[in-house]
Amino acid sequence: MFSSKEAFKKEYLQRFKEVTGECFEESSFIDRYNVLASLVMKYASICMADSHSLMNREKNQKRLYYFSMEFLVGKLLEMNLMKLGILDVVTEGLNDLGVDIKDLADVEMDAGLGNGGLGRLAACFLDSLAFLNIPAMGMGIKYRYGLFEQKIHEGHQVELPDKWLRYGNQWEIRKASKAEVIRFYGNIRTIEKDGKIVVIHENYETVLAVPFDVPIVSSSSSNVNFLRLWSAGSTDAFDFNLFNKGNYMEALREKTTAEAITQVLYPNDANYEGRLLRLKQQYFFVSAGLRSIRRRYKRNNEELQDLSKKIQIQINDTHPSLVIPELMRILMDHERLEWDEAWEQVTGICAYTNHTILPEALETWPQEMMKCLLPRVYMIIEEIDRRFKEEGDESTRELRARNSILRDGLVHMANLAIIGSKSVNGVAKLHTDILINETFSELYELYPDKFNSKTNGVSHRRFLMKSNPLLTKCINKTIGEEWKDDPARLKNLLDHCGDRNCHEMLKSMKRKNKERLAAYVMKTMEIKLDVNSIFDVHVKRIHEYKRQLLNVLHIMYLYDRIKTQKMKIYPRTFIFAGKAAPSYHMAKEIIKLINKVADKVNNDPEVSSYMKVVFLENFNVTLGELIYPAADVSEQISTASKEASGTGNMKFMMNGAITIGTLDGANVEIMEKAGEDNIFIFGLRSEEVLEYYRNGSYSSREIYASDWDVQRTVDHLIDGFLSKDTSEFRDIYDSLILHNDAYFVMKDFRAYVEAQKEVEKAYRDTGRWFEMSMKNIAASGYFSSDRTIREYDNEIWKIKEDINN
Ligand code: 26W
């Protein structure tokens, strides 16, 4: 690889000519980007090939397969350059050629193959696995359209298709020779052969699964892992029988039906919909993935009895939990293992991560649907279920029946995942406690040893080193550079957190990052932000439980106070961003409300010097990277018990923002690590929320009647304060008053107002603020996904251990 900028320029220009046949000076950003990316890919592919042969030579090491329906990867150009250690050389070389690398980075489309937290976590995990040199492969779906692009039109969310493949994808290698054939529908017949039952699957339909491999570059080693994304096609692009009969359209129809499977990502991030196409997606990539794993394993021809010593599979939420019956099918029907032998392997290989306790997100499929689409897999699930119910002693019979996989005409996927896995984990301590004590308390009684907690983490390489180069420099100056490979060392900042010079450095860093964001807002929305104001940021998917509504009601309250009582506040900029699921009515109403309030506030000269409200369109990984470094305040205000972990909270913390939040998800651990004085905690605790649900004693009307501020603010939703059309926000009003405020917005309102006053007080004291900020950065090393992945490996997969032996 090039070691100097001169060498880079030479190779880049040479390649440019070869690929485009054009002259560089007159070329477009797109061509320049494509050629640069292809050059990076060349080196990544060479590393990938080398590390393959290395791993094969070193007698095929144990490997992790991370199965996930979502990988929210974002952009790769700058990350890959950084990891290859050539970001500076390339930036300077391009500069010499009159090119700003940012212009090329902008050309790349985000790979938005995920909805939110779960998908981004999977991408951070791939980054850490590569860094830690753990042989691993991500297994997912290559959606033609990722998460929709969001536009805001007159305050409303409008969804447009995400055409991320418009200019092609430079980071993938199509592996046509590794395609697999997947079977759907049909019927099952059994015959006896040599005293053994043989299962025959007939009259099935086939779909072709073609893998596309994306290398995951690592800064620390020559090992290159990859993400394998499966794309669906017809096994017979043209059915020649139909074609010859002149039925051209019919032949093409089949092709389109097959391709439909990987056409689009389902945009729901919590509300599950039992659509047949989604079930097809799940089986499609699970079956393709397992078939390719089997092929690889057989090449090295080991005993099948050792499978679990060589292969570990992490199941990312229940979406890929068909791995369990499908692996049973392969081991029994193809490898001729007995049930017990196969079950021993499966339950030594699979581990399941739960990401949510929201009841509406727990997956179930109609038994009839699954039986028809996947007849053999369904038979196996029936047998798993039968054995589960009959196992153990008599005293557990009823408990087992209540927790069986097949109940009420439905297949309960979480039960399947728990029964078939060796490990079940939650994603933060509090979340795991709730899984154990509430959601799956009875299954915990049966399998106490399976349950464990793995607090989430995020890639500090992407969300600190790459997205906040100014802070990275400040840290380097203060404590040296070792923290980059060992983020726990950020702790060393504690020795300097009273140092005025450090505060000054941080202050100037924050200001520049705020200017960078303000320039973006000016360019895209023509709104001028005051960089001296507090940047108070709430960015994540829009959901009632995440309570963007609480935030906007507080803004309405402040506005009213400033108008009617001439109250003075420290200037604040309230920044929102996030997508609502297209079918989620209330979430879309909340977006409308935020935009309505923004309109009113920003256009009122009496108020707009104190407050601005902006809703940024199309929140995605790249926009996040611009926003987190510019935040002063991080809003993490979900109804306690509802947010499994949160990972945005960690990204803000790493960038020196202070959290205002409830004791929910990983906020609890953020408080423990940063210290109670360095976070603003308010509101109901999870036990209180759960108790309210149990005894049904909450009454939002009581609060409405007893708190005048709440009453006035909530009334403003429907009294003409916001809009002449008083019915516009009626549904939100009704959710609070008629439907008893399921997310305790009104209950927590007063405490939130008080906590926000504390935030303001702290911000006015610059010394105190930056000391708090430094303490947060210092404690954020724990929330690097490197730590999380080490824990998964030490306690579940044991891959490093295998390599070292
Ligand atoms: C089937 C519909 C559906 C789709 C996605 C149901 C549930 C999901 C995900 C499990 C939702 C999700 O992304 N959960 C988030 O996972 C993050 C990573 O662990 C956590 O930090 C978030 O708290 C959690 O909401």
Side-chain angles (χ1 to χ4, degrees), residues 66-72 112-125 140-141 143 147 265-275 277-279 281-282 314-322 352-365 411-414 417 424-432 434-435 439 453-459 463 539-547 578-584 587 624 636-653 661-662 664-670 686 783 785 788-789 792:
Y66 195 86
F67 275 70
S68 176
M69 272 195 108
E70 305 188 7
F71 286 91
L72 198 42
L113 309 185
N115 272 285
L118 161 133
R120 182 56 230 176
L121 185 76
C124 286
F125 280 6
I141 295 175
Y143 301 102
L147 186 60
L265 166 78
Y266 275 89
N268 295 2
D269 79 321
N271 216 345
Y272 138 84
E273 277 180 52
R275 298 285 176 97
L277 184 62
R278 179 155 165 112
L279 185 59
Q281 291 184 334
Q282 296 187 347
Q314 193 67 35
I315 301 176
N316 200 22
D317 214 88
T318 53
H319 321 151
S321 50
L322 289 173
Y352 153 62
T353 304
N354 173 287
H355 294 266
T356 179
I357 60 151
L358 297 184
E360 64 268 31
L362 290 181
E363 271 192 311
T364 55
W365 294 104
V411 186
H412 292 257
M413 301 304 270
V424 177
N425 77 280
V427 289
K429 271 196 229 157
L430 176 69
H431 170 60
T432 307
I434 296 174
L435 289 181
T439 321
S453 190
K454 297 283 168 284
T455 298
N456 281 166
V458 301
S459 164
F463 291 103
V539 296
K540 49 180 82 248
R541 285 298 286 255
I542 312 292
H543 201 292
E544 284 167 285
Y545 85 79
K546 295 180 189 275
R547 297 202 297 191
K579 294 176 184 177
S583 61
Y584 191 172
Q636 307 300 335
I637 61 177
S638 52
T639 310
S641 80
K642 302 273 183 195
E643 189 69 272
S645 159
T647 43
N649 46 3
M650 303 167 186
K651 296 166 197 167
F652 280 106
M653 178 196 197
T662 48
D664 199 16
N667 296 353
V668 178
E669 288 154 85
I670 289 181
S686 61
F783 299 103
S785 42
T788 314
I789 288 297
Y792 274 93

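Whatever order the structure lists ligands and atoms in, that order sets their numbers, starting from 1. The first residue in the sequence is number 1, and the count goes up from there.
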### Message
Just so I know, are the side chains of H543 and Y584 near enough to count as touching, which here means a heavy-atom distance under 4.5 Å?
### Response
yes
### Message
Closer than 3.5 angstrom, by distance alone: can the side chain of R541 be matched with the main-chain N or O of G116 as a donor-acceptor pair?
### Response
no
### Candidates K540, K546, M653 - the one meeting side-chain contact (heavy atoms from CB on, under 4.5 Å) with Q636
K540
### Message
Can a donor-acceptor pair be found, under 3.5 Å and without considering hydrogens, that links the side chain of N354 to the backbone of T356?
### Response
yes
### Task
Would you please write out the protein residues whose heavy atoms approach any atom of ligand 1 to under 4.0 angstrom, listed by chain and number?
G117, L118, L121, N268, D269, A270, Y272, R278, D317, H319, H355, T356, A361, V427, N456, Y545, E643, A644, S645, G646, T647
### Query
With respect to T318, which candidate in M413, Q282, M69 satisfies the side-chain contact (heavy atoms from CB on, under 4.5 Å) definition?
M413
### Within 45° cone of F463 ring axis and under 6.0 Å: K651 NZ or CZ
yes
